[in-house]
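Lettering of chains follows the sequences in order, A, B, ..., and the numbering in each one begins at 1.
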Number of protein chains: 2
Amino acid sequence: MRYAPEHNDATRERILEAASRLFQEHGIAAVGLAKVMAEAGLTVGTFYTHFESKEALLQEALLRSLDARHEALVQTLPGADLERVVRAYLSPEHRDASGTGCPVAALASEVARHPRATRHTFSSHNAPTLDALAAWLSSRRGKKVGRADAAALLGLLAGTLQLARAAPDRAESDAILEAGVRAAIRLAT
Amino acid sequence: MRYAPEHNDATRERILEAASRLFQEHGIAAVGLAKVMAEAGLTVGTFYTHFESKEALLQEALLRSLDARHEALVQTLPGADLERVVRAYLSPEHRDASGTGCPVAALASEVARHPRATRHTFSSHNAPTLDALAAWLSSRRGKKVGRADAAALLGLLAGTLQLARAAPDRAESDAILEAGVRAAIRLAT
DNA sequence: ATTATCTATAGATCTATAGATAATGC
DNA sequence: ATTATCTATAGATCTATAGATAATGC
């Protein structure tokens, strides 16, 4: 149809948005391309006009989610209150909205099983967040904190959020979030 | 065939062992029943003689893995050196053997998307480990540490292991493990 | 006689491709 | 004229079931 150039981009963006959300909410293997395309208001046939494969879609979806998360973080991070940042991550709202939440908590363990290229995309687009976290921690603590140390803090946050999501009992899940907040503050102070 | 009673149990055990390993290594959704049965030396047709559904198999596989992990932990935990315990968890060996490793690190985020009954199995068979960890931490720190606090420590360990598994670069992955060890010791002391 | 296992298959879904259709730019 | 979209389909795989076969206990 040779639509206006922005039409194609807009469609691509819609597919990516749907994919990011569905992958994070239900898992990568559990979401078919037909479902992604339907969510974007299209049929499966069009998929390969926009992406080379499901793996290529995944890489772009991860990149998108991670970059968006990073942008949101650097907006709030400078001068932010530690407890506020941690409580935002380990909140019941974040727990209950995995589709639009942290890609690390939602997908890290599944991405670990994907090809190196996908892991590289994940890792390299998570790195800016780790660096921002490390710089923030460094200035708070008054001594150098490295990227890997930031990864341990993010690991604590994401791992605890996963346990809270897996808990079938609401009160127990809330208690895990609360304990995670205490632990993260303790670790970051 | 009405085999000896132990034959049936042995077959069931073989299926469960294969399922536990394959689920943890490749993810639940990514592993079909045909693959599990083939790994156990059987064909798909026999599956439903032993289990009601894939979900029922998953529940039993989780239960098995979690109980086994718990048994191994309580053997080594009393009087164990903190750093040694943490280093065993965040070791390159554990990172590279997800199939036989910690079910929390391998499957928590995927289990979180499964039915309540499955989450309940996961949570209730993880609880003894959390209680043992909490008791150990309590005696080490000389003050009461709750189950949720133990969950935060396990969250740190599992989340960090996931990030190390997702990292495409070996050196970076090792650095994450090392930072995780420092963080876990800091948190548990 | 019982029952664990096998082969075979139903029916749904998966990723990916082929070819027709239609909406736009030139 | 170009190309994004559609319908249709290939070929593989998924969970689950049906019915035949064969290995055991009584």
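Contact annotation for A:Val31: backbone-only contact, meaning every heavy-atom pair under 4.0 Å involves sugar-phosphate atoms and none involves a base. B:Gly32 comes within 4.0 angstrom of sugar-phosphate atoms only, judged by non-hydrogen atoms across all strands, and of no base.
One can place CZ of B:Phe23 at 12 Å from C1' of D:dT15, the figure rounded to the nearest angstrom. Summarising the geometry, the separation between CD on A:Glu55 and C1' on C:dC14 is reported as 15 Å, rounded to the nearest angstrom. Whole-Å rounding puts the A:Met37 CE to D:dT5 P distance at 7 Å. Atom NZ of A:Lys35 is separated from atom C1' of C:dC14 by 13 Å (rounded to the nearest Å). Rounded to whole angstrom, the span from the NZ atom of B:Lys54 across to the P atom of C:dT13 amounts to 15 Å. Nucleotide C:dA4 holds its P atom 11 Å from the CD1 atom of B:Ile15, rounded to whole Å. Nucleotide D:dC14 holds its C1' atom 16 Å from the CD1 atom of B:Ile28, rounded to whole Å. Atom CG of A:Leu57 is separated from atom P of C:dA16 by 10 Å (rounded to the nearest Å).
For the side chain to side chain contact (heavy atoms under 4.5 Å, CB included) test with A:Asn126, the passing option among A:Val104, A:Asp67, A:Thr121 is A:Val104; the others fail.
Phosphate contact (OP1/OP2 of D:dT17, side-chain N/O of B:Tyr48, threshold under 4.0 Å): absent. For D:dA4, neither phosphate oxygen OP1 nor OP2 lies less than 4.0 angstrom from any side-chain nitrogen or oxygen of A:Thr49. Under 4.0 angstrom from either OP1 or OP2 of D:dT5 there lies no side-chain N or O belonging to A:Thr43.
Nearer the 5' end of DNA chain C, as judged by each residue's closest nucleotide, is the contact made by B:Thr11, out of B:Thr11 and A:Thr46.
For A:His70, the NE2 atom counts as densely surrounded, since its 6.0 Å shell holds more than 12 non-hydrogen atoms of other residues, nucleotides or ligands.
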Under 3.5 Å, which donor-acceptor pairs link side chains of residues 171-183 of chain B to any protein atom two or more places apart or in another chain?
{"from": "B:Glu172", "atom 1": "OE2", "to": "A:Ser123", "atom 2": "OG", "distance (Å)": "3.4"}
{"from": "B:Ser173", "atom 1": "OG", "to": "B:Arg95", "atom 2": "NH1", "distance (Å)": "2.8"}
{"from": "B:Ser173", "atom 1": "OG", "to": "B:Ala164", "atom 2": "O", "distance (Å)": "2.7"}
{"from": "B:Asp174", "atom 1": "OD1", "to": "B:Arg95", "atom 2": "NH1", "distance (Å)": "2.7"}
{"from": "B:Glu178", "atom 1": "OE1", "to": "B:Arg87", "atom 2": "NH1", "distance (Å)": "3.3"}
{"from": "B:Glu178", "atom 1": "OE2", "to": "B:Arg87", "atom 2": "NH1", "distance (Å)": "3.1"}
{"from": "B:Glu178", "atom 1": "OE2", "to": "B:Arg87", "atom 2": "NH2", "distance (Å)": "2.9"}
{"from": "B:Arg182", "atom 1": "NH2", "to": "A:Asp149", "atom 2": "OD1", "distance (Å)": "2.7"}

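With a cut-off of 3.5 Å on both Watson-Crick or G-U wobble distances, the partner of D:dA8 is given as C:dT17. Base-pair partner of C:dT24: D:dA1 (Watson-Crick or G-U wobble, both distances under 3.5 Å).
The side chain of B:Leu33 sits closest to D:dA16 out of C:dT15, D:dA16, D:dC6. Distances from the side chain of B:His50 to the nucleotides C:dA4, C:dC6, D:dC14 place C:dA4 closest.
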Exercise for the section: Take A:Val74 and A:Thr129 through the side-chain contact (heavy atoms from CB on, under 4.5 Å) test and state the conclusion after the steps. Expected result: CA-CA 8 Å; A:Val74 292; A:Thr129 291; over 6 Å; no
Handout entry: Verdict with reasoning, B:Glu25 to B:Arg21, per salt bridge (charged side-chain N to carboxylate O under 4.0 Å, His left out)
Key = CA-CA 6 Å; B:Glu25 200 163 327; B:Arg21 190 161 36 80; 5.1 Å; no
